[in-house]
Amino acid sequence: MDTLFCLAAATTLLLAKGQSYDDLVRLEKLLFPNYSSTWRPVRNLSHVTNISIQFTIASLVSMDILNEQIVNKVILRLSWYDQFLVWNSSEYGGIETIAPRRGTVWEPMLLVPNAIQQWDMAADATASLSVGSTGLVMILLGGPLKTSFPVDMTKFPFDTQVISISLYPVQYDKNEVVFSVSHDDGIPDSLRSHGEWTIKSSSFEAVIPSGNRCGVELRMIIQRKPIFYILSIILPISLLSFLNMVVFAVPAESGEKLSFSLTTMLSLAVYMSFVSQIMPNKSVPLSFMAVYLASVLCLSALAILATVFVLRLYHKPETETPPFWVTQILCVKKAATGAKVTFREVSATLDVVFGVVFGLCATLAVGTQVYVMQLAE
């Protein structure tokens with residue numbers, strides 16, 4: 001350890017050879033006596049300040065679909081040339097780079113239009129600022145950024161969301177400040193392996209909006225990983241929809257026919273309330289999942305009405321006989337022999353008919369959902 005410490009100390013002394021505190025003081029007197037951090041650092045105001053920008057999303061902190069908000073930890077690197085901060089390093093002990101305090105050097109004020117809590121870059125205590133002898137100013141900023149985005153839940157849970165983050169200068173138009181993109185790698189590999197979302201594509205480019213201000217926009221398209229919602233929502237609801245058919249196989253004399261049907265409907269209502277808690281309260285665009293749930297719930301309600309109708313016929317007095325047209329439609333074989341048809345036999349035939357009808361409806365609903373899933377892919 002002592003050897004390593006001595007080696008590091010020796011390296012530091014070699015790097016600092018020829019540089020002293022007096023050189024820094026002289027350099028400060030050269031650069032900052034008449035310097036103003038208020039105005040753009042150009043000698044001719046007709047010249048444009050070109051700012052090179054690199055915008056990186058380090059991690060996705062949270063994503064609130066219900067409130068249409070996303071929080072990202074971002075890293076922002078800005079660099080530009082300041083014509084007033086130029087010196088000959090050989091005349092100042094070989095000093096190539098200095099690190100002045102924030103606020104002493106001109107910095108562009110940036111605005112994020114869709115930010116919910118505006119990121120105050122000027123108050124970022126972790127920012128680092130450096131100025132080179134050629135006038136190159138570099139600043140590194142980082143921190144959480146909370147923005148809003150339009151949510152499209154049409155194909156939930158196979159939905160794709162478009163996230164965009166824009167940066168624009170507050171005070172200057174495109175004739176004064178121009179942004180150029182230094183790198184197009186705004187999405188790191190750590191974010192691409194997110195547990196719930198996968199990054200389909202991303203782009204980072206300079207844009208000029210209608211306000212005549214040149215800015216940059218990070219745009220990424222993310223797709224939900226649907227396996228969790230398939231197992232926890234779609235599969236149970238599909239199975240419950242087929243239980244509407246099974247209820248007609250329960251014997252009427254068991255006394256459990258109606259309670260079975262009501263339990264199925266209540267289970268669907270619970271799933272519907274669960275889905276409504278994770279989806280925004282938007283009517284446009286309408287989610288296919290919401291339509292599917294409403295359809296299955298309506299089928300369950302119709303199954304209850306059909307069950308009540310069957311039970312009502314089953315418990316009619318044996319002295320009563322069903323109408324002739326009913327026996328002709330539902331009990332064709334027995335009516336053809338001229339034998340007496342009872343309401344219990346009619347109810348048993350209706351169980352078969354309703355079972356087939358609701359089975360076909362459940363198959364149609366599930367098939368439609370599968371078709372939508374294929375379209376989403």
>> Please determine whether side-chain contact (heavy atoms from CB on, under 4.5 Å) holds for the pair Trp106 and Trp80, giving the CA-CA distance in whole Å, both sets of side-chain angles, and the decisive distance to 0.1 Å.
In response: CA-CA 10 Å; Trp106 177 86; Trp80 64 93; 3.5 Å; yes
>> Can you tell me if Asn34 has over 12 outside heavy atoms packed within less than 6.0 Å of its CG?
In response: no
>> Can you confirm whether Arg26 is buried at CZ, in the sense that more than 12 heavy atoms of other residues, nucleotides or ligands lie under 6.0 Å from that atom?
In response: yes
Backbone of [Y] reached by a side-chain donor or acceptor of [X] within 3.5 Å:
X	Y	value
Ser261	Leu258	no
Tyr314	Ala348	no
Trp87	Ile95	yes
Thr263	Ser259	yes
Ser254	Val250	no
Ser37	Gly103	yes
Ser287	Met289	yes
Gln69	Asp64	no
Asn72	Ile57	no
Ser241	Ser238	yes

Applying the 4.5 Å side-chain criterion to the ILVMFWY set and letting contacts propagate, would [X] and [Y] be lumped into a single cluster?
X	Y	result
Met220	Val71	no
Val162	Met153	no
Leu240	Leu297	yes
Met109	Val42	no
Val366	Ile230	yes

Can a donor-acceptor pair be found between the side chains of [X] and [Y] at a distance below 3.5 Å?
X	Y	value
Ser276	Tyr271	no
Tyr81	Asn50	no
Ser164	Arg219	no

At their closest point, which heavy atom of [X] faces which heavy atom of [Y], and how far apart are they?
X	Y	value
Arg77	Ile75	NH1-CG2, 3.9 Å
Phe32	Thr104	CE2-O, 4.0 Å
Ala365	Tyr292	O-CE1, 3.5 Å
Val170	Leu110	CG2-C, 4.0 Å
Pro113	Ser166	CD-O, 3.4 Å
Leu27	Ile98	CD2-CG2, 3.7 Å

>> Tell me whether the rings of Phe84 and Tyr35 are parallel (<30°), tilted (30 to 60°) or perpendicular (>60°).
In response: perpendicular
Measure the shortest side-chain to side-chain distance between [X] and [Y] over non-hydrogen atoms and say whether it is less than 4.5 angstrom.
X	Y	value
Ile222	Met63	yes
Ile234	Phe158	yes
Val247	Thr307	yes
Glu205	Val216	no
Leu167	Leu76	yes
Lys200	Gln223	yes
Phe260	Leu243	yes
Tyr172	Arg40	yes

> Do Phe288 and Phe156 make the cut of ring centroids closer than 6.0 angstrom?
Replying inline: no
> Thinking salt bridges, do Glu107 and Arg102 make one under a 4.0 Å N-O criterion?
Replying inline: yes
> Quick one: which of Asp152, Ile221, Thr198 gives a side chain to side chain contact (heavy atoms under 4.5 Å, CB included) with Thr160?
Replying inline: Ile221
> So, is the end of the Arg224 side chain (NZ or CZ) under 6.0 Å from the ring centre of Tyr229 and within 45° of the ring's axis?
Replying inline: yes
>> Before you tell me yes or no, could you show the steps for Lys29 and Val25 under side-chain contact (heavy atoms from CB on, under 4.5 Å), namely the whole-Å CA-CA distance, both residues' side-chain angles and the distance that decides it to 0.1 Å?
In response: CA-CA 6 Å; Lys29 291 180 179 180; Val25 172; 3.8 Å; yes
> Excluding sequence neighbours, so at least two apart, what forms salt bridge (Lys or Arg N to Asp or Glu O under 4.0 Å) with Asp351?
Replying inline: Lys257
For residues 130-139, please give each side-chain donor-acceptor pair under 3.5 Å, one per line with the distance, not counting sequence neighbours.
| residue | atom | partner | partner atom | Å |
| --- | --- | --- | --- | --- |
| Ser133 | OG | Glu96 | OE1 | 3.1 |

